[in-house]
S.K.: 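Input: one structure, supplied below.
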There are 2 protein chains.
Amino acid sequence: MAAIRPSIGPMPGPKRSAGNRRITIKEVARAAGVSPTTVSLSLNGRAAEVGVSQARVEDIRRIASELGYRPSLLGYSIRTDKTRLVGALVRNNAKERFFNLAAYEFLLGLNERLEAADHSMCVVRLGDIEDEAASPGRLFREHWLDAVVAVGPVGEDLAAKVNQAVPATVLLDGAFWRDQRCLMRDERAAGRLAAQSLADAGRKRLVWVPGVRRASRALEDRWQGVQDLARERGLPLTVAEHGYVAQVPEADFVPEAGLVAYNSVVASRLGHLAAMLGRRPGADVGIASCEDSHELGRTWPELTRVQFDRFAMGVAAAEMALALIADPQADCPSRLLAGGLIAGKTA
Amino acid sequence: MAAIRPSIGPMPGPKRSAGNRRITIKEVARAAGVSPTTVSLSLNGRAAEVGVSQARVEDIRRIASELGYRPSLLGYSIRTDKTRLVGALVRNNAKERFFNLAAYEFLLGLNERLEAADHSMCVVRLGDIEDEAASPGRLFREHWLDAVVAVGPVGEDLAAKVNQAVPATVLLDGAFWRDQRCLMRDERAAGRLAAQSLADAGRKRLVWVPGVRRASRALEDRWQGVQDLARERGLPLTVAEHGYVAQVPEADFVPEAGLVAYNSVVASRLGHLAAMLGRRPGADVGIASCEDSHELGRTWPELTRVQFDRFAMGVAAAEMALALIADPQADCPSRLLAGGLIAGKTA
DNA sequence: CTGAAAGCGCTTACAG
DNA sequence: CTGAAAGCGCTTACAG
């Protein structure tokens, strides 16, 4: 006798592991003895609006939770053309993978604000779309993202590409200014402020320590600010050598000199160099940083530095993105943020 | 006369902004004069297998790209029940938001490997599911994730919850050991190694600098390792006070003493403290760190520390996750990684 | 070699 | 007050 086999329909459907069977809205409907329509309406709080009885709603709610029903956002998304997913564009290629770990603080702020609005954040590597030939990031290709926040030094060409793939695009700490959808720090003011703290402390000459070779808007602007101040105060200004690890000659670790660190990594480097030389920052040499990071607050709270709240900027960028998702034509005037000086003891 | 209005079907479909109309497979099919089936087959490289002629395939490819067709993964996902999205669980709540910024290095490694396999990474906050009452993370609720990598101190209860929501779960640098799907560093060995470098350098007593109050497996294990070595070598061992910013009495910055930093943040703090006191690490006091970070390599390459390649661990975790996506029953033996000593000049 | 059709899990306009 | 049906963009078993 032939074995009895269940008849198999034309389309068996996706295989799921037995232990993880997904409960769908249909099954909830069957269990509750109503239609999928009623379940959907009840679960989405549109019951009153349409007029489903309160008792039914509670019944359905209870049954859904007993069954362990969790809505599939895929169903929702394909229907509404919204994924509630926002991409965070970050630089992460082989060469400059660790270029700026402080970027993570931006991401934390972004993520926090997005989750509060029931959206989620996906990380997309910048290298992906910079070079069209290289795999251009499936998230972009494949219509996953409701919006994108580009984090870090993104130029006009790249921004245009991103914008084409995902119209709702915000630039956070980007490489150029535009009047809309752009969040930047006033780097020139930051450079000036750092240099000023050293001049005010009585240093007789300034040393600019870029630490990195790579040109960027932030570097150029901070450098401009430092030059501005040196000129105004009539202070001599020299430049330390660049390199992967900043090196500054011992002759510059002297009380007359004020070292201006380009960013928080370089600042920390200067502190450690001073330690290795036995020179006390503040007492034996002046040090100030154009940039702050949360980590500096924990590792070197005494450092004189210009404030930079990346977390708050991430939150602000998320808000722009959410506004654009709600209304693609939303007015999002750009913001240029000025950081104050954290006084410290090292200038 | 009444204005002529286009007849409107029962379901107008999602609204898209005019400038951003999505090209679907149907439109490509129409333009190419074939059926959607043929387009799908051709574009997914299954043409030869099924027997679509080479000429047709090239035709379709060309037309699709002329039209600017980009497949919607939503369509693919709902059909196949795979999103190719992997969640990275990170700790980000108001209290411990910046607990360990170095976690970002894990994420970079994860992301890199996932993208290479055409998957993407979404960041999910840990706080979301720790407290059921708090919004429990839509990504978990809503069947978005093919796999999850939990990053950082995740305990057994939490791991069980995560596992229930998403069966394919990997623990990266978690709070407990298990034989499968777990990637950890041998912290006890790390503590021992750091302490040993100081003993070998001739320090007569050791000072353990935890820097943080929060207990964790990593902290306990490193502390054990330090104690092991102190006992073996018969060296006195004291503990510095905890706090948000590590403080160590000036009396401990002396040549007889070897300071053992719990992690890279504390190590950096010790370097800056030494600087402020005018004591030279290595010459005037011994300092070694149980942990390394990429940033330390740039800010304090001279530091004696135990290696910790988070990027590589992120890559390894991504590989486990991918294996589990391919086969939910895949054998993923856990790995305990031992870091070597980076000699440096400060012990 | 190719196409019509079913179906994934939802939402919603429409008809009762 | 409630349900049957259409449709979002795909993939694939099946029939020609």
S.K.: Rounded to the nearest angstrom, tell me the gap between atom CD1 in A:Ile23 and atom C1' in C:dG9.
M.R.: 13 Å
S.K.: So for A:Thr37 and C:dT12, does any side-chain atom that can act as donor or acceptor lie under 3.5 Å from a complementary atom in the base?
M.R.: yes
S.K.: Tell me: CZ of A:Arg84 to C1' of C:dC10, nearest whole Å?
M.R.: 13 Å
S.K.: Reckon B:Thr38 has a side-chain N or O less than 4.0 Å from the OP1 or OP2 of C:dG3?
M.R.: yes
S.K.: Please give, in whole Å, the distance from D:dG9 P to A:Lys82 NZ?
M.R.: 14 Å
S.K.: Starting from C1' on D:dC10, measure out to CG on B:Leu43 and report it in whole angstrom.
M.R.: 12 Å
S.K.: Tell me: NZ of A:Lys26 to C1' of D:dA4, nearest whole Å?
M.R.: 13 Å
S.K.: Tell me yes or no: between the side chains of A:Ser40 and A:Thr37, is some donor less than 3.5 Å from an acceptor?
M.R.: no
S.K.: On the nucleotide D:dC10, are OP1 or OP2 found under 4.0 Å from the side-chain N or O atoms that B:Ser72 carries?
M.R.: no
S.K.: Assuming nearest nucleotide by heavy-atom distance, tell me which of B:Tyr76 and A:Pro36 is located more 5' along DNA chain D.
M.R.: A:Pro36
S.K.: When you look at B:Lys82 and B:Ile325, which way does the side-chain contact (heavy atoms from CB on, under 4.5 Å) test go after all the steps?
M.R.: CA-CA 9 Å; B:Lys82 294 259 185 238; B:Ile325 290 171; 4.3 Å; yes
S.K.: What is the separation between atom CD1 on B:Ile60 and atom P on C:dT2, rounded to the nearest whole Å?
M.R.: 8 Å
S.K.: Among A:Val170, A:Asp173, A:Leu110, which one satisfies side chain to side chain contact (heavy atoms under 4.5 Å, CB included) with A:Val151?
M.R.: A:Leu110
S.K.: As a test of your reading of the structure, name each stem of DNA chain C as range with range, where a stem is three or more consecutive Watson-Crick or G-U pairs at under 3.5 Å.
M.R.: C:1-3 with D:14-16, C:5-12 with D:5-12, C:14-16 with D:1-3
S.K.: Report yes if the side chains of A:Cys332 and A:Leu324 come closer than 4.5 Å at any heavy-atom pair, otherwise no.
M.R.: yes
S.K.: When the distance from CZ of A:Arg56 to C1' of D:dG3 is rounded to whole Å, what number comes out?
M.R.: 11 Å
S.K.: Check the distance between C:dG9's P and A:Ile78's CD1 and give it to me in whole angstrom.
M.R.: 12 Å
S.K.: Any salt bridge between A:Glu58 and A:Arg62, counting N to O under 4.0 Å?
M.R.: no
S.K.: Please confirm whether the backbone N or O of A:Glu319 pairs with a side-chain atom of A:Arg113, one donor and one acceptor, at under 3.5 Å?
M.R.: no
S.K.: On DNA chain C, does the nearest nucleotide to B:Leu41 precede the nearest nucleotide to A:Ile25 from the 5' side, or the other way round? Give the residue.
M.R.: B:Leu41
S.K.: Under 4.0 Å between a side-chain N or O of B:Thr24 and OP1 or OP2 of D:dG9?
M.R.: no
S.K.: Do A:Val149 and A:Phe106 come within less than 4.5 Å of each other through their side chains, counting heavy atoms only?
M.R.: no
